[in-house]
Amino acid sequence: MYITTRMHTETDWAQVAAMAKAGTLNIGDEITDTLKNGEEVTCVVAHITESYVHFISKDCLNQKYPWNKHEQHRENPGSFRDSYLCKVLNETVWELLPEELQAVISPRECIQIKDAGEARFSLNLWLPTEYEVFGKTWACGIPEGEQFALFKDRRNRTKGAGQNGSWDAWWTMSSGGNNAGSASDIAYQSIVNYFGGDRTSYFANQHVVPLCFSIRRG
């Protein structure tokens with residue numbers, strides 16, 4: 001015989017940052033807040049390293065976005081940092097965050113490996129790589145980072161479109177090579193499908209994205 005309880009406690013982002021520094025946050029801890037547009041978002045502790053606590057929203061944001069906006073761009077020009085989606089996250093979505101959350105977010109160094117070599121860049125809002133989600137490479141073929149602890153359970157890879165919305169496919173950071181056997185040489189990106197599996201999608205397609213950010217521990 002046993003009982004399972006769940007405790008809700010009032011907090012703010014300054015206290016969450018203090019908990020990150022003190023090492024008292026755990027994988028799966030959830031913090032729910034409201035964006036400036038009225039959208040409610042539940043942020044989950046997805047991974048903890050010596051330097052950072054990484055948060056990824058339980059569900060994705062309501063709005064869908066393409067990786068790159070213009071369909072005439074037949075290939076993704078460069079890394080995630082160069083994409084339209086990155087610009088949306090770090091400008092449009094950033095402005096929707098409460099000031100208290102903006103104040104505690106630490107830029108995260110992201111690593112992306114493509115044919116042209118390795119790119120390193122710091123972002124306030126980012127997306128996990130294919131390897132950080134699945135712990136394997138299917139589309140991009142290169143391990144970028146390490147699998148996040150939260151995603152070792154496949155159920156945590158499925159995300160709704162909007163808080164508690166229907167499951168939907170969502171973008172990762174990783175590039176997924178070109179369409180095999182196609183003379184058009186159109187580039188594809190790695191996504192997570194409705195059921196938490198790995199797939200690819202043409203970069204002009206529109207998919208939802210989770211809210212991803214980091215808080216420094218030190």
Side-chain angles (χ1 to χ4, degrees), residues 6-67 69 79-112 120-129 132-133 145 148-151 156 159-165 168 170-173 206-218:
R6 186 167 185 172
M7 182 176 63
H8 296 269
T9 305
E10 289 290 332
T11 189
D12 57 38
W13 285 109
Q15 291 178 331
V16 172
M19 293 173 69
K21 289 179 172 59
T24 56
L25 289 174
N26 299 296
I27 302 298
D29 286 350
E30 299 180 357
I31 301 94
T32 300
D33 202 354
T34 303
L35 305 183
K36 291 178 181 178
N37 63 357
E39 185 175 351
E40 188 175 78
V41 177
T42 296
C43 303
V44 185
V45 176
H47 198 58
I48 300 174
T49 70
E50 291 183 1
S51 302
Y52 294 97
V53 176
H54 299 308
F55 293 82
I56 296 181
S57 59
K58 186 174 183 179
D59 288 312
C60 290
L61 302 175
N62 289 323
Q63 183 68 41
K64 291 186 177 183
Y65 302 102
W67 181 278
K69 189 175 182 180
S79 64
F80 175 68
R81 176 185 52 188
D82 305 309
S83 70
Y84 168 76
L85 183 56
C86 182
K87 180 180 178 68
V88 167
L89 288 175
N90 285 278
E91 293 182 11
T92 305
V93 175
W94 175 262
E95 290 302 319
L96 294 177
L97 303 186
E99 285 81 3
E100 295 84 358
L101 174 54
Q102 291 178 347
V104 301
I105 288 177
S106 304
R108 179 199 179 195
E109 184 182 61
C110 302
I111 302 174
Q112 190 160 25
R120 291 177 178 264
F121 43 89
S122 294
L123 296 171
N124 288 324
L125 301 182
W126 41 270
L127 292 175
T129 67
E132 287 170 341
V133 176
F148 282 7
L150 186 73
F151 290 139
N156 293 326
K159 295 185 179 297
Q163 184 87 333
N164 299 317
D168 208 340
W170 53 279
W171 291 112
T172 74
M173 185 188 295
Q206 297 201 23
H207 299 296
V208 287
V209 289
L211 178 64
C212 308
F213 59 90
S214 305
I215 295 179
R216 186 177 291 278
R217 297 186 62 190

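All values derive from a computational prediction rather than experimental measurement.
- For the atom pair CD1 of Ile215 and SG of Cys43, the computed distance is 9.0 Å after rounding to the nearest 0.5 Å.
- Shortest non-hydrogen contact noted between Lys159 and Ser57 is NZ-O, 2.7 Å.
- For the atom pair CG of Asn37 and CD of Glu95, the computed distance is 12.5 Å after rounding to the nearest 0.5 Å.
- Here the straight-line distance linking atom CG of Leu25 with atom CZ of Phe55 works out to 5.5 Å at 0.5 Å rounding.
- The pair Lys87-Asp82 does not count as a salt bridge, with every side-chain nitrogen at least 4.0 angstrom from each carboxylate oxygen.
- You'll find the ring centres of Trp67 and Phe80 inside the 6.0 Å limit.
- Side chain of Asn90 to main chain of Cys86: a donor-acceptor pair is present (N/O by atom type, distance under 3.5 Å, no hydrogens or angles).
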Check: Taking it one step at a time, do Val41 and Thr34 satisfy side chain to side chain contact (heavy atoms under 4.5 Å, CB included)?
Finding: CA-CA 6 Å; Val41 177; Thr34 303; over 6 Å; no
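- In this pair, His47 and His54 present their aromatic rings parallel. The plane angle is below 30°, not in the 30 to 60° band.
- For the pair Leu211 and Leu125, the minimum side-chain heavy-atom distance is below 4.5 Å.
- The backbone N or O of Trp94 sits less than 3.5 Å from a side-chain atom of Gln102, completing a donor-acceptor pair.
- No donor-acceptor contact under 3.5 angstrom links the side chains of Glu40 and Thr32, judged on distance only.
- Closest heavy-atom contact between Cys60 and Pro210: SG-N, 3.6 Å.
- The nearest pair of heavy atoms linking Val133 to Thr172 is CG2-CG2, 4.4 Å.
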From CA spacing to verdict: side chain to side chain contact (heavy atoms under 4.5 Å, CB included), Ile48, Ile27: CA-CA 7 Å; Ile48 300 174; Ile27 302 298; 3.9 Å; yes
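- Interatomic distance, CG of Leu123 versus SG of Cys110, reported as 4.5 Å (0.5 Å rounding).
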**Asked** Going through the distances and angles, do Val44 and Ile31 end up as a side chain to side chain contact (heavy atoms under 4.5 Å, CB included)?
**Response** CA-CA 7 Å; Val44 185; Ile31 301 94; over 6 Å; no
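- Between Ile111 and Met173, the shortest heavy-atom contact is O-SD, 4.5 Å.
- Here the two rings, on Trp13 and Phe213, have centers that are under 6.0 Å apart.
- Residues Pro98 and Asp33 meet the side-chain proximity criterion, which asks for heavy atoms closer than 4.5 Å.
- Side-chain atoms of Ile56 and Phe151, non-hydrogen and from C-beta on, do get closer than 4.5 Å to each other.
- Each of Val93, Leu97, Asn62 was checked for a side chain to side chain contact (heavy atoms under 4.5 Å, CB included) with Leu35, and the lone residue meeting it is Leu97.
- A salt bridge links Arg120 with Glu109: at least one charged nitrogen is closer than 4.0 Å to a carboxylate oxygen.
- Formation of a donor-acceptor pair under 3.5 Å by the Asp59 side chain with backbone atoms of Gly160 is found in this model.
- Nearest heavy-atom pair across Leu150 and Asn156 is O-ND2, 2.9 Å.
- A donor-acceptor pair under 3.5 Å links the side-chain atoms of Asp12 to the main chain of Gln15, judged by distance alone.
- Taking all atoms of both residues into account, the shortest heavy-atom contact from Val208 to Ala161 is CG1-CB, 3.9 Å.
- The CG atom of Asn124 sits 10.0 Å away from the CG atom of Leu101 when rounded to the nearest 0.5 Å.
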query = Could you walk me through whether Arg108 and Glu132 pass the salt bridge (charged side-chain N to carboxylate O under 4.0 Å, His left out) check?
reply = CA-CA 14 Å; Arg108 179 199 179 195; Glu132 287 170 341; 2.5 Å; yes
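- Here the CG-CG distance, from Leu85 to Leu127, works out to 5.5 Å after rounding to the nearest 0.5 Å.
- Note on Glu50 versus Arg217: no salt bridge recorded, every NZ/NE/NH1/NH2 to OD/OE distance being 4.0 Å or above.
- For Trp171 and His207, the ring centers are positioned less than 6.0 Å apart.
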